[in-house]
Amino acid sequence: MTSFKSYLLELLVERGLMSADKAIAIDENLEDGFNGDERESQVFAKVCALESSNTDRILALIAKEEDVHFAANALRVDSSSLKSIITKVTLEHSERSGAVPMGLSKGRLSVASIYPCDFDAVEAWGHVFDAKVEIYLATPPVLARFRSEVYAESSESGEPDRIADQNMSNRQCPRVDTEVFDENDGPVRQYVDWVVEEAIKRRASDIHLEPFENAFRIRCRIDGALQLLDEPDKTLQNAVISRVKLMSQINIAEKRLPQDGRFHLKSGDHEFDFRVSVIPSTHGEGIVIRILDKRSLDIDLEELGMTDEHQQRFERIISAPDGIFLVTGPTGSGKSTTLYAALNHINSPSVKIITVEDPVEYHVSGINQVQVRPEVNMTFSAALRSILRQAPNIIMIGEIRDKETAEIAINASLTGHTVFSTLHTNDAASAITRLVDIGAKPFLVAAALRAVMAQRLVRRIADNQKQPYSLTSWELGALGERYQELEGETFYRAGPHHTSYEGRIGLFELFEIDDKLSDVIYRNGTLTDIKAHLKEIEFKDMRYDGIQKALQGRTTLSEVLNVTFDEGILEGVSKNYYF
């Protein structure tokens with residue numbers, strides 16, 4: 001017997017519903033580039049077009065072979081359960097999976113589907129509702145009618161499921177019965193809503209859903225430190241994760257590959273965006289939900305925590321007519337916030353600003369923002385080449401990652417543009433050697449670079465929680481020789497509870513490229529050469545900046561030591577201590 005690329009063609013020929021010659025003709029004319037279900041869908045469409053009078057018979061045969069039901073005109077929409085269904089399975093989810101939820105009754109979820117059915121997606125729906133799934137195959141016209149009827153009353157208008165405006169202040173953690181889920185009350189949905197609301201209430205920057213062998217833990221990061229939010233029963237793990245994936249418009253059937261999504265909500269008068277990252281782990285899928293508070297866009301330079309000296313120099317640098325200004329630091333050190341604050345400070349109708357970001361986290365009024373899309377070859381370098389023809393005054397590049405991006409940024413700065421960007425380096429001085437390492441020519445770096453700033457974030461002590469004290473001899477030894485003059489000075493501790501801290505401030509180190517340093521860079525000087533010059537000009541590093549803020553009671557010395565490094569620190573002393 002002829003071997004076909006399609007299971008459906010083999011089945012139809014075997015059961016005598018199609019001649020081998022007709023099946024071969026369909027098989028040979030299939031378009032390239034389709035695999036699995038995509039190919040079967042293409043075959044089914046061709047078969048329906050050629051055998052329109054036999055479509056019901058063909059579907060009945062498939063249903064029997066696949067051990068599912070054949071709908072024909074027997075299946076009806078159960079309107080009594082639609083409200084609870086369409087809040088969890090949106091129109092867009094239905095269209096993407098090629099299936100329609102028809103009703104929920106006595107622990108059974110009826111689903112109409114075209115052939116081929118996305119069994120993984122539909123089974124995941126059943127998990128969300130804690131119900132057994134019964135699949136009914138239907139022709140495309142019948143399925144379209146079902147979908148129209150089910151979603152006719154939906155107010156979502158095809159948008160992904162999102163949390164609507166709610167009272168975010170008084171909700172308690174809902175108790176979820178681990179044995180029985182009441183689909184009308186939506187306990188899993190209520191629980192996930194509570195997690196998000198509680199994280200917002202606590203001013204968290206992100207939420208972590210972490211599966212372990214015998215536990216499921218939910219933590220949130222507040223002012224840079226992770227705190228336990230809840231530890232629900234392990235049996236709720238898959239349902240909670242599926243709920244978050246549905247909210248984020250992520251494929252709930254895919255559990256083998258990392259995925260990204262996002263959703264949006266409005267809490268009171270404030271709007272929040274949520275970026276969701278899902279990654280498979282040994283005991284389930286781990287999820288991190290990053291909370292983007294649009295209020296942070298309104299931050300002033302004064303709120304960054306710079307000293308008066310730093311802020312005056314910073315304002316002068318960002319107002320320069322050309323050149324590159326770099327902000328460096330690890331992930332989560334506040335680089336993007338600093339650059340957004342800079343753009344807000346200089347944004348005006350007389351200045352054209354274009355940003356190239358991956359991703360665009362915040363949308364800023366009056367600024368042209370470009371989203372990097374590597375899947376369509378819209379890379380940083382490709383975007384930069386195009387936006388230079390848009391005649392911008394100021395360009396912000398989310399990150400300089402490669403030689404091509406660095407060269408375009410340098411050329412832009414040398415042709416009269418001001419360029420802001422970030423690099424991942426441990427200190428400000430290393431940014432120069434990093435540019436050279438990725439392929440930028442030293443003489444061009446010397447000509448284009450105007451200034452470099454490195455930063456970290458530390459927790460701010462709440463005003464009513466400051467506890468003055470003097471350093472011990474051990475603490476002075478841990479600081480290193482150059483800080484021995486601090487003996488007898490008053491520092492401040494925070495209280496024992498996590499609420500003793502309120503928000504974060506930045507620690508900064510900043511230098512400008514003077515003629516002598518430009519000559520060092522031009523001659524391809526080493527990092528040692530660069531630091532030797534900075535020592536000559538009495539450059540103040542982040543540890544110095546942090547100690548000044550600790551003396552002022554704005555943060556603690558332990559916070560400063562945890563994020564900064566000093567070459568004079570005593571050997572063998574851990575930085576992860578708390579005074």
Side-chain angles (χ1 to χ4, degrees), residues 260 262 273 275 292 294 297 314-328 335-425 431-432 434-453 512-513 518 521-522:
D260 297 307
R262 65 190 308 155
D273 284 319
R275 284 176 47 204
L292 304 176
K294 294 190 174 183
L297 286 178
F314 183 79
E315 291 181 15
R316 184 179 69 251
I317 291 166
I318 64 177
S319 300
D322 56 32
I324 297 177
F325 172 50
L326 294 176
V327 179
T328 76
K335 301 186 297 296
S336 296
T337 300
T338 296
L339 288 182
Y340 275 123
L343 294 179
N344 279 330
H345 183 75
I346 59 181
N347 188 17
S348 72
S350 62
V351 176
K352 180 162 185 175
I353 302 174
I354 301 181
T355 71
V356 184
E357 305 171 66
D358 182 23
V360 175
E361 294 185 350
Y362 300 103
H363 297 280
V364 186
S365 177
I367 295 178
N368 302 277
Q369 296 173 270
V370 178
Q371 168 74 56
V372 170
R373 299 187 184 279
E375 67 274 12
V376 293
N377 293 322
M378 182 65 162
T379 60
F380 275 109
S381 54
L384 283 171
R385 281 192 295 269
S386 297
I387 68 173
L388 287 176
R389 294 191 285 272
Q390 298 283 315
N393 301 103
I394 298 166
I395 302 168
M396 187 188 90
I397 306 170
E399 181 185 351
I400 294 179
R401 300 177 177 177
D402 51 44
K403 176 182 178 182
E404 190 174 9
T405 304
E407 289 177 341
I408 296 173
I410 289 171
N411 290 334
S413 70
L414 294 176
T415 54
H417 303 85
T418 300
V419 179
F420 299 158
S421 190
T422 69
L423 277 177
H424 284 90
T425 61
I432 297 172
R434 172 64 177 157
L435 283 176
V436 175
D437 288 343
I438 64 177
K441 295 180 174 58
F443 71 91
L444 291 177
V445 175
L449 195 60
R450 292 288 178 268
V452 182
M453 183 171 78
E512 298 175 74
I513 309 299
S518 179
I521 300 170
Y522 183 90

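Since the structure is predicted, the reported quantities are computational estimates derived from the model, not experimental observations.
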Any sub-3.5 Å donor-acceptor pair from [X]'s side-chain atoms to [Y]'s backbone N or O?
X: Asn411; Y: Glu407; answer: yes
X: Gln369; Y: Val364; answer: yes
X: Thr405; Y: Arg401; answer: no
X: Thr418; Y: Ala320; answer: yes

- Note on the structure: Scanning both residues in full, the closest heavy-atom pair of Thr338 with Met453 reads CG2-CE, 3.6 Å
- Task: Heavy atoms only: give me the nearest Ile410-Ala448 pair and the separation to one decimal.
- Result: CG2-CB, 3.8 Å
- Message: For the CG atom of Asp437 and the CD1 atom of Ile432, what is their distance to the nearest 0.5 Å?
- Response: 12.0 Å
Give every donor-acceptor pair under 3.5 Å between a side-chain atom in residues 390-398 and any protein atom, sequence neighbours left out.
residue : atom : partner : partner atom : Å
Asn393  : OD1  : Lys352  : N            : 2.8

- Query: Got a sec, which residues hit salt bridge (charged side-chain N to carboxylate O under 4.0 Å, His left out) with Asp260, two or more places apart in sequence or on another chain?
  - Reply: none
- Query: Below 4.0 angstrom, N of the basic side chain to O of the carboxylate: do Arg316 and Glu512 qualify?
  - Reply: yes
- Are Asp358 and Arg373 ion-paired here, with the side-chain N under 4.0 Å from a carboxylate O? no
- State which residues pass side chain to side chain donor-acceptor pair (under 3.5 Å) with Arg275; sequence neighbours excluded, sorted by chain then number. Glu361
